[in-house]
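A short write-up of the structure that comes next.
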Amino acid sequence: MSQSTVTTPPAAVVSPPVGLAARGVNRAFTVKGKELVALQDVDLEIAKGEFVSIIGPSGCGKSTLLRIFADLLPVTSGTPVVDGVTPQLAREDRRLGVVFQSANLMPWRSVLRNVALPLEVMGRSKAGREKTAAELLKMVGLEGYEKHLPRQLSGGMQQRVAIARALSTDPKVLLMDEPFGALDEITRERLNQELMEIWARLNPTVLFITHSIPEAVYLSNRVVVMAARPGRVVEVVDVDLPQPRTPEMRDAPEFHAIEARIRHLLATGGH
Amino acid sequence: MSPAAKDRLIAVVSPVVALVMLFGLWELVIKVRNIKELILPAPSDILIQAWRTRGTLMEYVMFTGKEAMVGLVAAVCVSLFLAMLIHGNETLSSLGAGLAGAGRALPTIVLYPVVTVFLGTTSTAVIVIIAITLVPLLFGYVLTGLTMRSDLDDLMHVAGADGWQKFSLVRVPMALPYIVTGLRTALPLAVISAIVAEYFGGSTHTLGAFIRLQAGQLHTLDLWAAIVFACLLGVLAFVVGDLLERAALRRRGDSPVLL
């Protein structure tokens, strides 16, 4: 046994720091007296800084899982972990950013004040939070729109504002619930690219829910395929494509092969 | 002329034309059939009488208008207080919404004689009955606004907002269009309630009391003159409410809400 193995434990024992984890997570709802299993025995480990997508049919519990991580829903049993701690602690420590399906902006607030909202809640000074918000707006390509109201922006621009807002507290974990679902294909691909660049720069752990197979493959290190009734994880597919991703990769045979594999898993539910 | 401008012109001119025709016909029938002033005076005579007695009538309008305003302000305060108190509790909120709905359906103005038992036929009694009439309406609007659920609630939870921040940054702005629309609806109703309550009894220096008095003495011309001023007060209340709503909502790009 060499000196070095004594000071540093063997690599197999050191698990990478946890970005997000679900350990034996179950979640049941009671609807009209009938028990509905939204999530059954979900086990998932996502390392810090990893980009993982969830794809699955309606009712597979993907949004439920995201809401559990966001501390918006309790589990029935099992342990959710966010950035190494419980969802509640992570939320209270402002380590979480959430982007919702709709941009979910305050229509009465300017773009700048929408982005600054989480910082305002934290009690950051007006000058400080507006400086941060302006920088974030620049990053998402909305410089010059600070004073606009949300309704004056297109759907894609509104979703950019929502992303800037989610990033305002410099979160370690970014939870995104079908953020580009309502956008047209061209805008969606452009925002995919921008999201990739933001992720490369800030490197948060990202959990990204989508209905689009190409989007999931393009963005992710891994894709979690889920099935419904009961909601469960079918398989986790590795995306072995080099980083950073470029738009040409969408046409590569490897890309199509992974797409086909996910499509097959979705169709068969893993059987 | 652009089609939009033409539409606007028609929208303004057509009701004016209709009113002029209606009053012209009225005038004509009175003159041709030689109908007695006691039964129905001609519009021209009514206007002349209204102008002649404008000093006294304006005094009554001011008094009635003041009662309506004080009653409205009292109702707004009570409604805001009650709605803020219970909006956080789901059971109480649905109970409150039910009671408010029932209260709007009931002719609460008939409670006026009951109020006078406690307060006498005073101005205070009129103000109290106006407030009683308006509270179900205003409370319903405020409560609906304060209990609106949206994804912003989830956002504020994730951002770690405390109760006060959720209330002041989301609840109140969400409720604002409802409160403003409630006010707009309540303004003319406050005037109507004031006149009806005064009619039943109250200070004699009011529109409602004056109308009752003139009707009782068959002073038809004075009765109609008072009605003209009552209508003017009602229109004023409507216009003020409409301007208030436009001013408050246009800035935010909201549209008025209907309940």
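Letters A, B, ... mirror the listed sequences (proteins, then strands); counts begin at 1.
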Show, in sequence, the C-alpha distance, side-chain angles and deciding distance for B:Val158 and A:Leu72, and conclude whether the side-chain contact (heavy atoms from CB on, under 4.5 Å) test is met. CA-CA 8 Å; B:Val158 173; A:Leu72 287 165; 4.2 Å; yes
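Sparse packing is recorded around CE of B:Met62, with 12 or fewer heavy atoms of other residues, nucleotides or ligands lying under 6.0 Å away. Around CZ of B:Arg149, the count of heavy atoms belonging to other residues, nucleotides or ligands within 6.0 Å exceeds 12. Sparse packing is recorded around OH of A:Tyr145, with 12 or fewer heavy atoms of other residues, nucleotides or ligands lying under 6.0 Å away. A 6.0 Å sphere centred on CZ of A:Phe29 holds more than 12 heavy atoms belonging to other residues, nucleotides or ligands.
A:Arg91 places no side-chain N or O within 3.5 Å of a backbone atom of B:Ala159 that could act as its donor or acceptor partner. A distance-only check finds a donor-acceptor pair linking the side chain of A:Asn104 to the backbone of B:Leu152 [under 3.5 Å].
Comparing A:Met122, A:Gln101, A:Glu92, A:Arg94 by heavy-atom pairs within less than 4.5 Å of chain B, the highest count is held by A:Arg94. Chosen from A:Arg165, A:Arg109, A:Arg67, the residue pairing most often with chain B at heavy-atom distances under 4.5 Å is A:Arg165.
In this structure, chain B has heavy atoms under 4.5 Å from both the backbone and the side chain of A:Glu120. If you measure heavy-atom distances from A:Ser102 to chain B, the contacts under 4.5 Å come from the side chain alone.
Closest heavy-atom contact between A:Asp71 and B:His157: O-NE2, 2.8 Å. Contact record, B:Gln165 with A:Val121: NE2-O, 2.9 Å, taken as the closest heavy-atom pair.
Contact of the A:Leu117 side chain with the B:Leu155 side chain is registered, since non-hydrogen atoms from C-beta on lie closer than 4.5 Å. Using a 4.5 Å heavy-atom cutoff, the side chains of A:Val98 and B:Asp154 are not in contact.
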